[in-house]
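Count residues from 1 along the sequence. Please read all numbers here as calculations on a predicted model, not as lab measurements.
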Amino acid sequence: MQRSIENETRFCVLNTLAETGPQHASELRDSLEIRSNTLHYHLDELVDVGLVENRKRKDSDSDGFYSYYRATSLGEGILEDGVRELMRREWDALEAYS
């Protein structure tokens with residue numbers, strides 16, 4: 001799991017999903033400006049470790065999409081209580097010693 005989130009692209013994917021909510025892969029691709037095959041590779045990695053889930057709808061929405069990705073509660077928790085907290089502590093330490 002740690003190895004999955006330490007990759008910059010996967011971190012950006014998870015962070016985007018946590019901040020903006022569920023998105024279809026094409027929406028993620030456009031917002032992150034990465035190739036579709038690259039995005040799907042990283043999404044599969046995040047799904048495999050339980051940080052993101054791929055949800056499927058019975059009916060397509062107005063754009064014809066049947067599935068979308070969203071950050072799991074575990075993914076959101078690791079971001080907020082793990083990565084972001086470590087970043088806040090690092091910024092506080094840098095500020096204190098600057």
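Here the straight-line distance linking atom OH of Tyr69 with atom NE2 of His24 works out to 8.0 Å at 0.5 Å rounding. From Leu17, atom CG reaches atom SG of Cys12 across 11.0 Å, with rounding to the nearest 0.5 Å. Note that CG of Leu46 is 12.0 Å distant from CG of Asn54, once rounded to the nearest 0.5 Å. Distance CG/Asp92 to CD/Glu95: 6.5 Å, rounded to 0.5 Å.
In terms of heavy-atom proximity, Thr20 sits nearest to Thr16 at OG1-O, 2.7 Å. Closest heavy-atom contact between Val52 and Leu14: CG2-CD1, 3.9 Å. Annotation for Leu79 and Ala18: closest pair CD1-CB, 3.6 Å, computed over non-hydrogen atoms.
Under the rule for a side-chain contact (heavy atoms from CB on, under 4.5 Å), the partners of Leu39 that lie at least two apart in sequence or sit in another chain are Val13, Ala25, Leu28, Arg29, Ile34, Leu43. With sequence neighbours excluded, no residue forms a side-chain contact (heavy atoms from CB on, under 4.5 Å) with Asp30.
Listed by first and then second residue, the salt bridge (charged side-chain N to carboxylate O under 4.0 Å, His left out) pairs involving residues 43-54 are Glu53-Arg55, Glu53-Arg70 (not counting sequence neighbours).
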Assess the residue pair Tyr41 and Arg10 against the criterion (side chain to side chain contact (heavy atoms under 4.5 Å, CB included)); give the C-alpha distance rounded to whole Å, side-chain angles, the decisive distance to 0.1 Å, and a yes or no.
CA-CA 9 Å; Tyr41 169 78; Arg10 287 191 287 269; 3.8 Å; yes
